[in-house]
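Throughout, numbering of the chain's residues begins at 1 and tracks the sequence. What you see is a predicted model, and the numbers here were worked out from it, not measured in a lab. In listed order, ligands and their atoms are each counted from 1. Only this structure's heavy atoms are used, side chains among them; waters, hydrogens and symmetry mates stay out.
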Amino acid sequence: MDATKYIWSDGKLVPWSEAKVHVLTHSLHYGSAVFEGIRAYQCSDGSSAVFRLKDHAQRLINSGKIIRMEIPYTAEQLSEAIVETLKANGMHDAYIRPLSFVGYGEMGVYPGNNPVQTIIAAWSWGAYLGAEALEKGIRVKTSSFARSHVNTSMSKAKAAGNYINSILAKIEAKEDGYDEAIMLDTNGFVSEATGENVFIVRNGIIKTTPWTSILGGITRDSIMTLARDLGYTVEEQQFTRDEFYIADEAFFTGTAAELTPIRELDRRQIGAGHAGPVTKHLQQEFFKIVKGENPKYAAWLAHYSV
Ligand code: PPE
């Protein structure tokens with residue numbers, strides 16, 4: 001990651017290298033932080049736009065609510081701060097990382113009256129799973145680690161602590177020679193990947209896992225809306241790994257991963273072994289939307305100029 005100029009820190013723009021915390025920061029010890037991943041894209045008309053800015057800001061607040069962390073900003077205030085950060089850094093496109101965390105004060109699991117701090121960083125982040133991945137698709141393995149039970153770690157919160165589960169699965173997948181892992185839920189159904197939601201296409205029907213043990217991905221929601229608008233049937237339904245094996249197409253969605261095709265799961269080739277026609281269609285239309293080339297979805301874009 002290349003440094004940019006400033007990080008927003010509770011209302012102040014701090015030089016990148018000076019945005020620091022104490023080593024006894026509560027969140028560093030217990031994972032008591034919530035965060036967002038947001039992308040801004042340069043549009044075809046030369047302007048720039050943050051994709052679904054308000055929805056991301058609101059999800060940060062919701063994540064805080066779930067883990068009993070009160071973030072002292074409204075979604076509007078967070079959205080303004082995000083745009084301010086992009087402008088201060090002169091960024092036409094960016095990956096944006098807001099983070100709210102429990103700061104220095106008392107130690108112990110109980111967060112007590114420790115301050116809740118918020119920062120917003122932005123940097124350039126290219127294709128998350130590699131430049132070729134968006135084109136050719138990736139190789140995936142079913143993790144030996146299950147996604148947490150719905151009453152274990154509150155997956156609807158984008159909480160730092162939840163990512164230990166993802167880190168375990170990601171290390172295992174990488175070391176076993178795969179690009180990414182999918183995790184099953186504690187009932188054995190496909191849940192999501194380490195930082196992406198998952199879709200399969202079979203017999204013309206698009207399926208994604210229901211909003212149970214997964215993060216409610218904003219890209220997932222965008223793709224479901226887009227696909228339905230394009231006339232596809234989309235079902236939020238549980239499915240098993242063996243249904244995945246015989247899917248015609250499969251892909252991941254996420255802010256970082258965008259729409260990444262899956263060409264293999266557990267050494268079974270998925271469909272033709274490269275991005276299928278539905279995947280390609282949705283990917284093309286998605287990239288048009290984020291670049292402001294489809295006026296139908298103008299409400300998803302928060303334009304700004306640098
Ligand atoms: N599930 C998980 C567990 C997840 O972390 C993400 C985003 C998603 C689904 C997709 O959500 P959305 O971005 O709203 O469509 N993962 C973020 C972090 C990735 C990272 O390595 O850091 C992201 O894509 O920004």
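Under the 6.0 Å cut-off for aromatic ring centres, Trp16 and Tyr6 do not qualify, their centroids lying 6.0 Å or more apart. Side-chain rings of Phe51 and Tyr297 stay apart, their centers remaining 6.0 Å or farther from each other.
The Asn197 neighbourhood of ligand 1 comprises atoms 9 (C), 10 (C), with distances under 4.0 Å to a heavy atom of that residue. Atoms of ligand 1 found under 4.0 Å from any heavy atom of Glu192 (numbered from 1 in listed order, with element): 1 (N), 2 (C), 3 (C), 9 (C). In summary, the atoms of ligand 1 found under 4.0 Å from a heavy atom of Gly254, numbered by their order in the structure, are 10 (C), 13 (O), 15 (O). Set against the non-hydrogen atoms of Gly37, the atoms of ligand 1 under 4.0 Å away are 25 (O). Listed by number with element, the atoms of ligand 1 under 4.0 Å from a non-hydrogen atom of Tyr163 are 2 (C), 3 (C), 4 (C), 5 (O). Residue Thr194 has at least one heavy-atom neighbour below 4.0 Å for each of these atoms of ligand 1: 3 (C).
Residue contact check for ligand 1: Arg97 places a non-hydrogen atom closer than 4.0 Å to it. Within the 4.0 Å heavy-atom shell around ligand 1 one does not find Glu36.
Between Val290 and Cys43 the shortest heavy-atom distance is O-SG, 4.2 Å. Listed here is the closest heavy atom pair of Ala169 and Ser143: CB-OG, 3.4 Å.
In this structure, Glu264 pairs ionically with Arg139, as a charged nitrogen and a carboxylate oxygen lie closer than 4.0 Å. Salt-bridge annotation for Asp221 and Arg52: present, with a side-chain N of the basic residue lying under 4.0 Å from a carboxylate O of the acidic one. One finds a salt bridge joining Arg39 and Glu258 here, because a Lys/Arg side-chain nitrogen approaches an Asp/Glu carboxylate oxygen to under 4.0 Å.
Each of Leu259 and Ile218 belongs to its own hydrophobic cluster when Ile, Leu, Val, Met, Phe, Trp and Tyr are linked at side-chain heavy-atom distances under 4.5 angstrom.
The N/O atoms of Tyr128, backbone and side chain alike, include one that comes under 3.5 Å of an N/O atom in ligand 1. Considering backbone and side-chain atoms together, Thr219 places an N or O closer than 3.5 Å to an N or O of ligand 1. The shortest N/O to N/O separation between Ser166 and ligand 1 does not fall below 3.5 Å. For Gly195, a nitrogen or oxygen atom sits less than 3.5 Å from a nitrogen or oxygen atom of ligand 1, counting backbone and side chain alike. Looking at ligand 1, you'll find an N or O of Lys158 within less than 3.5 Å of one of its N or O atoms. Below 3.5 Å of separation, one finds no N or O of Gly217 facing any N or O of ligand 1.
Among protein heavy atoms, the minimum distance from atom 13 (O) of ligand 1 is reached at Thr255 OG1, 2.6 Å. Among protein heavy atoms, atom 24 (O) of ligand 1 sits closest to Ala256 N, 2.8 Å. Among all non-hydrogen protein atoms, the one lying nearest atom 25 (O) of ligand 1 is Tyr95 OH, 2.5 Å.
Note: Trp125 and Tyr128 have perpendicular aromatic rings, judged against thresholds of 30 and 60 degrees for the angle between ring planes. Ring pair Phe287/Tyr41 is perpendicular by interplanar angle, where above 60° counts as perpendicular and below 30° as parallel.
Panel note: side chain Asn165, backbone Ala146; a donor-acceptor pair is recorded below 3.5 Å.
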